[in-house]
Number of protein chains: 2
Amino acid sequence: MSVRLKDLAKQTGYSISTISRALLGYSDVNPATRKKILEAAKRLDYYPSQIAKQLRSGRTRTIGFLIPTYGERFSDPFFIELLTGIGDMASLMDYDILVGTSGDGEKELEEYRRVVGGGRVEGLIITRTRIRDQRVSYLLKTHTPFILLGRVLDHKNVPYIDIDSRSGIKILTRHLIESGHRRIGFITTPDDLVFTKFRNQGYREALKEAGIPYDPDIVEIGNLTLESGKSLGLKLLSRKDRPTAIVAVNDLMALGTYGAAQQLGLTIGRDVSITGYDGISLSKNAHPPLTTIEVPIYEIGKQLFEMLYKLINHENLGESQILLPPKAVFRESVGSPA
Amino acid sequence: MSVRLKDLAKQTGYSISTISRALLGYSDVNPATRKKILEAAKRLDYYPSQIAKQLRSGRTRTIGFLIPTYGERFSDPFFIELLTGIGDMASLMDYDILVGTSGDGEKELEEYRRVVGGGRVEGLIITRTRIRDQRVSYLLKTHTPFILLGRVLDHKNVPYIDIDSRSGIKILTRHLIESGHRRIGFITTPDDLVFTKFRNQGYREALKEAGIPYDPDIVEIGNLTLESGKSLGLKLLSRKDRPTAIVAVNDLMALGTYGAAQQLGLTIGRDVSITGYDGISLSKNAHPPLTTIEVPIYEIGKQLFEMLYKLINHENLGESQILLPPKAVFRESVGSPA
DNA sequence: CTGTTAGCGCCTTCAG
DNA sequence: CTGAAGGCGCTAACAG
């Protein structure tokens with residue numbers, strides 16, 4: 001169907017190997033010959049078979065990125081920003097991205113096996129790291145290059161980028177405490193996600209340092225979606241001893257509690273203060289604007305790819321474990337309690 | 001590096017072709033032989049080289065999806081939902097997705113050429129169709145299967161899924177009119193995007209049928225982001241003869257105008273009514289909930305893949321041009337003017 | 001039932 | 001300066 005070297009050979013009368021060399025810019029080709037060959041290539045709209053190149057070279061110039069549909073399906077603006085960052089940098093370095101969705105359990109691993117074992121990708125970027133993450137074990141075992149967005153606890157020396165979210169949540173919680181809050185609810189996530197552990201720590205530490213006892217009754221577990229933020233927000237804010245502030249571990253759930261507060265007729269920033277985490281563009285434009293940790297996810301996507309690229313190509317990675325400091329933005333969703 | 005057929009051959013003592021046949025389940029292999037081979041494969045964690053298979057078969061079992069970074073970069077929740085839909089169905093049919101970001105102009109076409117001409121994908125899904133879309137011309141010329149999300153105007157018979165957004169916007173505009181509005185602002189997009197044309201038509205037709213003159217002074221052009229919705233909303237709502245209602249062509253811009261209204265101290269649904277388009281999960285949870293057109297984008301993603309699959313595999317596509325009726329949801333962002 | 005052979009498209013020695 | 005040959009890993013036709 002499409003034009004191959006052999007077609008150019010037929011057209012020009014030269015052999016396949018001469019054509020190949022001319023196209024690759026080798027110096028041992030007669031300029032006149034090269035000219036004819038390049039013209040024919042252009043005329044017939046020749047593009048080399050990437051597949052053949054890949055087989056020949058043993059390299060795919062492709063990285064993998066599997067969207068975890070583990071647990072709930074989510075439409076997190078976060079992911080497309082991340083993917084765009086990865087993609088822009090990949091495109092710059094002439095790499096492609098193989099994207100898939102991965103289920104959970106054995107099915108997830110099967111997906112990795114197919115892509116990695118089948119030699120389709122040279123490396124992967126892994127998100128939503130979990131406690132005892134089977135993906136990480138598998139990739140280590142198969143010596144496949146990868147970079148984590150987030151950390152794992154059971155392996156040292158795996159390269160990652162992460163934001164210090166323990167400090168992040170701690171800063172936000174402390175900010176609430178300094179604003180006068182003593183009863184602060186917490187909306188977190190199931191603790192098989194690694195970042196949950198850090199964020200929970202941040203919350204508890206801030207309370208402890210202020211001498212506020214930890215009250216499990218006002219800690220709820222959601223699934224990162226707007227909807228779960230709303231229903232858990234309703235639950236917390238409907239209590240007779242309702243908290244005057246709520247810390248949510250991501251923006252979407254925080255914005256969900258906005259809905260809950262509004263439904264209950266509470267004014268955010270006055271009747272109840274709320275904080276989030278991620279800094280998605282909606283957080284700035286919410287009403288009132290949301291106090292949160294701003295994560296430069298597009299930039300992180302670019303950097304993740306850069307690191308993976310170096311790892312794949314055996315370049316010096318420099319720092320391989322990057323823990324970025326959180327950048328808090330204080331906005332009007334936080335005020336003093338009545 | 002990884003285990004290949006030849007390694008299994010060495011291990012078991014059989015020839016490469018016997019191994020291959022055993023693994024593929026051919027019937028002309030001695031059951032005992034097969035058993036030994038399967039065991040060896042399992043033990044050595046054999047996975048066939050997808051690249052070799054692809055070269056051999058001439059098929060990649062991969063489709064392409066290029067995220068248009070044309071114009072502004074956007075973190076539209078829309079895209080990740082769409083990608084998840086495509087991905088889930090692709091995974092079911094054992095297809096992979098090659099994702100890239102594409103710039104604009106000649107750079108965009110180059111990206112397509114590389115992926116298509118290089119034979120990396122069997123087909124593509126194209127979004128954000130434009131007037132005189134060079135991607136469509138190229139894919140038609142190269143006989144590459146593709147399905148559009150959206151329509152094009154200059155070619156008949158290209159397969160697509162689209163929502164009848166002319167009707168959609170018309171319904172919403174009419175709803176505003178029936179609620180008593182006569183002065184209705186419009187926030188739209190640059191008219192190189194095809195859907196802009198249809199949405200603009202819907203707006204104008206609704207006005208016309210109600211005998212309301214079209215006033216270009218209260219029509220603004222944004223870039224689909226929250227931010228542009230906000231700044232254009234401010235512009236419209238700061239006019240002395242400010243509109244009592246605003247129709248935005250997508251939810252993000254509509255929610256941007258929420259910010260504008262709130263900044264100006266206007267109550268949405270009372271001082272100003274607002275409508276969107278897309279039905280992202282935020283629209284339901286906004287305060288007040290947004291009147292919009294609900295687009296089942298995850299489902300559409302699945303269906304896009306299904307159509308592309310059929311096209312690629314020469315199955316009967318049935319209807320190849322699917323225009324879905326808009327599904328309006330009327331919520332509290334619309335009320336009667338003061 | 002099993003092995004040998006050829007070829008997908010490309011690049012890269014090696015000869016001439 | 002150019003062509004012939006080999007091989008990346010796999011499958012399918014053909015012998016035996």
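Below, chains carry the letters A, B, ... as their sequence lines are ordered, and counting in each starts from 1.
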Please state how far atom NZ in Lys36(B) lies from atom P in dC1(C), giving the value in whole angstrom units.
14 Å
Of the listed nucleotides dT2(D), dC1(C), dG9(D), the one nearest the side chain of Val29(A)
dT2(D)
Closest to the Leu55(B) side chain: dT2(C), dC1(D), dC8(C)?
dC8(C)
Between Tyr26(A) and Thr33(B), which is nearer to the 5' end of DNA chain C once each is assigned its nearest nucleotide?
Thr33(B)
Without decimals, in angstroms, what is the distance between Ile37(A) CD1 and dC10(C) P?
14 Å
Scan Asn30(A) against the nucleic acid and name what it touches under 4.0 Å (heavy atoms): base, sugar-phosphate only, or nothing.
sugar-phosphate
Tell me whether Arg21(B) is salt-bridged to Asp28(B), with the criterion being a basic N under 4.0 Å from an acidic carboxylate O.
yes
So what does Ser49(A) touch, heavy atoms closer than 4.0 Å: a base, only the sugar-phosphate, or nothing?
sugar-phosphate
Which nucleotide wins on minimum distance to the side chain of Ser17(A), given the candidates dC14(C), dA5(D), dT2(C)?
dA5(D)
Any chance CZ of Arg113(A) has more than 12 other-residue heavy atoms, nucleotides or ligands included, within less than 6.0 Å?
yes
In whole Å, what is the span from the CD1 atom of Ile19(B) to the C1' atom of dC1(C)?
14 Å
In whole Å, I'd like the distance from the CZ atom of Arg21(A) to the C1' atom of dT13(C).
10 Å
Taking everything shown except Arg59(A) itself, do over 12 heavy atoms lie less than 6.0 Å from its CZ?
yes
Side chains of Asp88(B) and Tyr298(B): is there a donor and an acceptor less than 3.5 Å apart?
yes
Nearest-Å distance, CZ (Arg59(B)) to C1' (dC10(D))?
16 Å
Any donor-acceptor N or O pair under 3.5 Å, side chains Ser20(B), Ser17(B):
no
Applying a 4.0 Å non-hydrogen cut-off, can you work out what Ser57(B) is touching in the nucleic acid: base, sugar-phosphate, or nothing?
nothing
Side-chain N or O of Tyr46(B) less than 4.0 angstrom from OP1 or OP2 on dG9(D)?
no
Is the Phe305(B)-Tyr95(B) ring centre distance short of 6.0 angstrom?
yes
Expressed in angstrom and rounded to an integer, what is the separation of Leu24(B) atom CG from dG9(D) atom P?
17 Å
Spacing between Asp28(A) atom CG and dA15(C) atom P, to the nearest angstrom
16 Å
Of all the nucleotides listed (dC10(D), dT2(D), dA12(D)), which has the minimum atom distance to the side chain of Arg4(B)?
dC10(D)
Expected list for residues 5-16 of chain A near DNA chain C, using heavy atoms below 4.0 Å, is Leu5(A), Lys6(A)
Shortest non-hydrogen pair, Val194(B) vs Ile131(B), comes out as CG2-N, 3.7 Å
Using whole Å, what does the distance between atom P of nucleotide dG9(C) and atom CG of Leu44(A) come to?
15 Å
Is Arg135(A) salt-bridged to Glu111(A), going by a charged N under 4.0 Å from an acidic O?
no
Using a cut-off of strictly less than 4.0 Å, decide whether Thr18(A) has a side-chain nitrogen or oxygen near OP1 or OP2 of dG3(D).
yes
